[in-house]
Amino acid sequence: MTEQLKINGATFELNRYPLRNNDPLRAWDAADEYILHHLFDNQLLDSEQRVLIVNDSFGALSVPLSQFSPDIFGDSYISQQSIQQNNLHNIGDTHTASFIDSTEKLDAVYDVVIFKLPKNQALLEDQLYRIKKHITAETIIIAAGMVKTVHRSTLQLFESIIGPTTTSLARKKARLVLSHVDTALMGDTTPYPKSYQLDDYNITVVNHANVFSRQKLDIGTRFFLENMPSNSNAKDVVDLGCGNGLLGVVYALKNPGTQLKFIDESYMAVASARTNYEHALDTCDNGEKGSAEFFVTDCLTDIETNSIDLILNNPPFHQNTAVGDHVAWQMFTESKKVLRNNGELWVIGNRHLGYHTKLKRLFGNCETVASNQKFVLLKARKRFSHH
Ligand SMILES: C[S@@+](CC[C@H](N)C(=O)[O-])C[C@H]1O[C@@H](n2cnc3c(N)ncnc32)[C@H](O)[C@@H]1O
């Protein structure tokens with residue numbers, strides 16, 4: 001929903017992208033407002049400074065601060081798109097938003113670093129380590145989050161990586177975290193990506209900090225892997241919302257000659273999938289090699305209509321911190337579009353999520369491939385006769 005954010009005498013209209021009809025969610029929260037008021041009320045910014053904004057979700061920080069030409073550092077393609085669109089709508093051009101994705105190296109030295117605290121502490125840890133090579137003793141480090149994302153462990157990360165850290169009073173359930181840079185702490189580097197060994201498949205699984213289930217195999221994914229088809233006729237295959245890419249990698253190992261497309265909206269996910277695919281397929285000898293392409297994008301936007309035989313999908317059940325199944329629904333509807341006639345969408349989900357009903361409604365059919373107490377693996381087939 002378009003709402004107006006009023007900051008420092010200016011008004012901004014901000015949307016969450018991709019746009020949805022009747023979106024019940026706002027494009028900012030009280031933490032965004034708190035940090036903006038703090039920055040403007042205390043006149044902490046001037047046009048000479050190099051400013052870095054980290055993890056802005058939809059542009060609520062980048063757009064009101066665009067006059068300072070900030071660099072924007074984050075892991076989400078959806079956020080990147082939202083920031084661009086909201087800049088375009090409010091400021092009129094995009095040159096003010098220079099996006100650096102979380103797998104890229106920073107190269108400037110910053111005077112001010114403004115963080116929106118992510119839910120994922122590993123991502124925060126990785127970012128703090130990466131940033132500390134690009135700050136000085138004078139750099140202002142300030143973070144904001146809703147009270148539920150500011151844990152003791154969050155503050156400990158700032159303390160141990162950046163330096164002495166304090167928090168502000170809570171305002172509308174939001175809090176600020178303020179750190180002073182201790183240059184004596186400047187030595188270490190990020191411990192990410194990390195890896196674990198998946199013995200059943202003899203794969204070393206590499207995971208960047210922001211990847212789903214980065215410490216061990218997700219139990220839903222495991223159930224999918226146990227029921228992965230082999231000797232399938234499907235050649236053009238998509239791992240949709242690939243995370244570390246295990247669904248696609250194991251499919252490729254079992255089905256030599258597959259042409260895979262790995263897709264995720266997280267830069268770190270796609271980087272992990274690329275590493276895992278290249279490593280697993282390089283070290284295996286299953287005959288015909290096949291190929292893989294990697295896309296950081298929103299669902300199936302970049303995939304041609306009627307071009308895919310099989311889609312493997314473990315859908316997300318939340319976008320950023322907002323719970324909802326609209327991304328799953330978007331994945332299913334776009335899947336129907338890009339599948340060839342008789343192509344199949346395979347979906348793993350917790351029983352209670354009710355994907356069966358959705359798939360049936362959309363495709364006119366849905367079969368259970370396998371199920372256990374917790375999970376169902378479903379498949380729906382595209383039939384041209386059914387619209
Ligand atoms: C439940 S995880 C599954 C990851 C992996 N397939 C697995 O089974 O371990 C869902 C994935 O969907 C990705 N995702 C969320 N929204 C997306 C979108 N709009 N487009 C593409 N991927 C998205 C998330 O980043 C996440 O990696």
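Every number for a ligand or one of its atoms is a count from 1 in the order of the listing. Everything numeric in this text was worked out from a predicted model, so none of it was measured. Only this structure's heavy atoms are used, side chains among them; waters, hydrogens and symmetry mates stay out.
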**Q** Throw together a table of side-chain donor-acceptor distances under 3.5 angstrom for residues 193-201, partners on residues two or more places apart or in other chains.
**A**
| unit_1 | atom_1 | unit_2 | atom_2 | d |
| --- | --- | --- | --- | --- |
| Tyr196 | OH | Leu217 | N | 3.3 |
| Gln197 | OE1 | Thr204 | OG1 | 2.9 |
| Asp200 | OD2 | Arg222 | NH1 | 3.1 |

**Q** Look only at interatomic distance and state if Cys299 has a nitrogen or oxygen under 3.5 Å from any nitrogen or oxygen of ligand 1.
**A**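 Min N/O separation from ligand 1 is below 3.5 Å for Cys299.
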**Q** Is the distance from the ring center of Phe332 to that of Phe363 below 6.0 Å?
**A**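 Not under 6.0 Å, so no.
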**Q** Using distance alone, with no hydrogens and no angle criterion, decide if Asn276 and Asn244 have a side-chain donor and acceptor under 3.5 Å apart.
**A**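 No.
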**Q** Between Val211, Asn314, Leu300, flag the one that comes closest to atom 10 (C) of ligand 1 by a heavy atom.
**A**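 Heavy atom nearest to atom 10 (C) of ligand 1 belongs to Asn314.
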**Q** With heavy atoms only and a cut-off of under 4.0 Å, state how Ser213 meets ligand 1: side chain, backbone, both or neither.
**A**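 No part of Ser213 is near ligand 1 at this cut-off.
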**Q** With heavy atoms of Val327 as the reference, note each atom of ligand 1 found under 4.0 Å away.
**A**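 Contacts of ligand 1 toward Val327, numbered from 1: 16 (N), 17 (C), 19 (N).
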**Q** Can you tell me which portion of Gln330 lies within the under-4.0 Å heavy-atom range of ligand 1? Options are side chain, backbone, both, or neither.
**A**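 Answer for Gln330: neither.
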**Q** Evaluating non-hydrogen atoms only, which member of Glu265, Glu334, Arg222 is closest to atom 21 (C) of ligand 1?
**A**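 Among Glu265, Glu334, Arg222, the closest heavy atom to atom 21 (C) of ligand 1 comes from Glu265.
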**Q** Any Lys/Arg nitrogen of Asp188 or Lys132 sitting under 4.0 Å from an Asp/Glu carboxylate oxygen of the other?
**A**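 No salt bridge links Asp188 with Lys132.
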**Q** Looking only at side chains, do Thr136 and Tyr110 share a donor and an acceptor under 3.5 Å apart?
**A**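 There is no such pair between these side chains.
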**Q** When you measure from the heavy atoms of Leu246 to every atom of ligand 1, does any distance fall below 4.0 Å?
**A**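 Judged by the 4.0 Å heavy-atom criterion, Leu246 does not count as contacting ligand 1.
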**Q** Side chain, backbone, both or neither: which applies to Leu240 and ligand 1 if a contact is any heavy-atom pair less than 4.0 Å apart?
**A**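 Under 4.0 Å from ligand 1, Leu240 contributes no heavy atoms.
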**Q** Is atom CG of Asn233 surrounded by more than 12 heavy atoms (other residues, nucleotides or ligands) closer than 6.0 Å?
**A**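 Open.
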**Q** With a 4.0 Å cut-off on heavy atoms, does Gly220 reach ligand 1?
**A**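 No.
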**Q** Among Ser266, Gly241, Ser272, Ala269, which one puts a heavy atom closest to atom 4 (C) of ligand 1?
**A**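 The option holding the nearest heavy atom is Gly241.
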**Q** Salt bridge check, Asp29 against Lys173: does any charged N sit closer than 4.0 Å to a carboxylate O?
**A**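 A salt bridge is absent here (no side-chain N lies under 4.0 Å from a carboxylate O).
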**Q** Among Asp75, Asn55, Asn210, find the residue that satisfies the side-chain hydrogen bond (donor to acceptor under 3.5 Å, both in side chains) test when tested with Ser102.
**A**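 Single pass found, and it is Asp75.
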**Q** For ligand 1, which atoms have a heavy atom of Ile78 less than 4.0 angstrom away?
**A**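 Once the distances to Ile78 are compared, the set is 19 (N).
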**Q** In ligand 1, which numbered atoms sit nearer than 4.0 Å to a non-hydrogen atom of Thr297?
**A**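 Per the distance check, 20 (N), 21 (C).
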**Q** I'd like to check whether Asp298 has a polar contact with ligand 1, where a contact means an N/O of the residue lying under 3.5 Å from an N/O of the ligand.
**A**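 Indeed, backbone or side chain, Asp298 has an N or O that close.
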**Q** Give me the ring orientation class for Phe224 and Trp346: parallel if the planes are under 30° apart, tilted from 30 to 60°, perpendicular past 60°.
**A**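 Because their plane-to-plane angle is under 30°, the rings of Phe224 and Trp346 count as parallel.
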